[in-house]
Number of protein chains: 2
Amino acid sequence: MRHGPDIAPIAALVGDPARACMLTALMDGRALTAGELAREAGVAAQTASGHLARMEEAGLLVRRKQGRHCYVALAGEEVGRMLEAIMGVAVTSGRTRARTGPREPALRAGRVCYDHLAGTQAVELLEALVARGALWQEDADLTLTDDGAALFEDFGIDIRTLRTSRRPLCRSCLDWSERRFHLGGGLGAAVLLAIFERGWARREEGTRIVRFTADGLRRFRAAFVSDGQGTDGTTR
Amino acid sequence: MRHGPDIAPIAALVGDPARACMLTALMDGRALTAGELAREAGVAAQTASGHLARMEEAGLLVRRKQGRHCYVALAGEEVGRMLEAIMGVAVTSGRTRARTGPREPALRAGRVCYDHLAGTQAVELLEALVARGALWQEDADLTLTDDGAALFEDFGIDIRTLRTSRRPLCRSCLDWSERRFHLGGGLGAAVLLAIFERGWARREEGTRIVRFTADGLRRFRAAFVSDGQGTDGTTR
DNA sequence: ATAATGTTTCGGCACGGGCCGAAGCATCGA
DNA sequence: TCGATGCTTCGGCCCGTGCCGAAACATTAT
């Protein structure tokens, strides 16, 4: 082993099917109980318990005992990004996974990526925002323009408050299904939250899938994607 | 297993110490022979051969037979990014690797990250470029300003040509040793190339370490870091 | 209390896979 | 043509570890 961080122990943890399954299930950023994760991975509770202990020990997860339940979540956004990075390689990896489940299309269309939106809709959103000048995309890097800030403020997202957070405002996140970038960071999270609050889309129970309603999709596109400058008076 | 790319096989490959060692050795972007990788990992040639075959099969590596040698390299930048992402988690992961080798300080100071510079010098470079207005850093996102483009053109880097490439020009890459960002992407690669061409630094044989000469470091800083001032707040 | 549910610890089994010895192919240099 | 070098394939050993049964522990409900 040459010098530098030792990646083998971390990767080995992710490399077990049962553990990978649990981590994937946690990718939506929510906390699940140990029992739920055990069922998710298809192993007995004892086995899952052992896995979770090791992953917490390694800093991949955080566990919080509450009553007789044990809530488990990813230790941080960095872990999520690592998992997405591995997914990016996995999806390229030769044989593209023999059987694509029936839910696969829905998952590619819209899903939660840690705490922001990913999938076709998310990629469309980002590219539309860039096209209308709300975001400035130079290569893979994103910057919110003044126009964009105004757009989101009008929409009801408090950009100024978001800026005070230590969390990056805009982050381009590589979408494993689209192979293009979508919007992450604090702004990405805020947008997804707004989508849920307005009922434009709902999460499918027990999955990462985000399903837009027909009306919600229309409104979503009207707000960000289309518009062009048809009614320039609307903004500010 | 829920739906989505199956990360376990990829992570399992990285999770073996010998294979992780080989991958880490390839992180500098160069191709190494199977034999060199075997010695690097401390395993017999047959063992290494098996590992390499599996990793190629999975799309992590590319092998190219040339004469009686077999040259091996990472399959692409995406694989490198995945490895860096895992390193980022590994370095956070509780115990920070018991014994830090004697070369560790040099590695932290300057090293090759796939094809651009990483380490203290690289972080210093990025922050200086931002401070003088050559790059615009909003959160984690980087954009080359007009002033910055002029700076690099004067320096001898052909920004216009770089822009024509499909590769992102500026990419912020999280530095595992500094826990801050350094400059990657096409521009980052071009800068490192220029540093070598001008003899400001040399690679230490057989490692990722980049050692600046005393004079080279002075010139490097004069070109990018110091100088100071230059632009007022020319935010676009 | 007693029972039910959820989680953890312990112990032992069994399978997968990493490892090397031996041998088989290629290529390069006399 | 003949050895030397580098890589690969095959076969068998063996250690690591994922798995579950059994049981202990903790919390909540009846």
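Chain letters run A, B, ... following the sequence lines, proteins first, then strands; residues in each count from 1. Quick note: numbers below take in every heavy atom, side chains included, and nothing from hydrogens, waters or symmetry partners.
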Between which nucleotides of DNA chain C, read 5' to 3', does contact with chain B run, using atoms under 4.0 Å from its heavy atoms?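 It runs C/dG18 to C/dC28.
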Parallel, tilted or perpendicular: which fits the ring planes of A/Phe220 and A/Phe224, with parallel below 30° and perpendicular above 60°?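 A/Phe220 and A/Phe224: perpendicular rings.
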Restricting to salt bridge (Lys or Arg N to Asp or Glu O under 4.0 Å), what partner residues turn up for B/Arg63, sequence neighbours left out?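 Residues passing salt bridge (Lys or Arg N to Asp or Glu O under 4.0 Å) with B/Arg63: B/Glu56.
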Run the side-chain donor-acceptor check on residues 183-196 of chain A: report pairs under 3.5 Å with partners two or more places apart or on a different chain.
none

Can you sort out the partners of B/Gln46 under side chain to side chain donor-acceptor pair (under 3.5 Å), two or more places apart, ordered by chain and number?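 Applying side chain to side chain donor-acceptor pair (under 3.5 Å) to B/Gln46 gives none.
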Going by the rule side chain to side chain donor-acceptor pair (under 3.5 Å), which residues pair with B/Arg202 if we only count those two or more places apart in sequence or in a different chain?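 Counting only residues at least two positions away or on another chain, B/Arg202 forms no side chain to side chain donor-acceptor pair (under 3.5 Å).
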Taking the six-membered ring of A/Phe155 (Phe, Tyr or Trp), confirm whether the NZ or CZ of A/Arg198 is under 6.0 Å from its centre and within 45° of its axis.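 Yes - A/Arg198 lies over the ring of A/Phe155, closer than 6.0 Å to its centre and within 45° of its axis.
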Spell out, as yes or no, whether a donor-acceptor pair under 3.5 Å connects the side chain of A/Ser49 to the backbone of A/Ala45.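 No.
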Counting primed atoms plus P, OP1 and OP2 as sugar-phosphate and everything else as base, spell out the protein contacts along nucleotides 7-18 of chain D at 4.0 Å heavy-atom distance: B, S or - for each nucleotide, 5' to 3'. SBB--------S
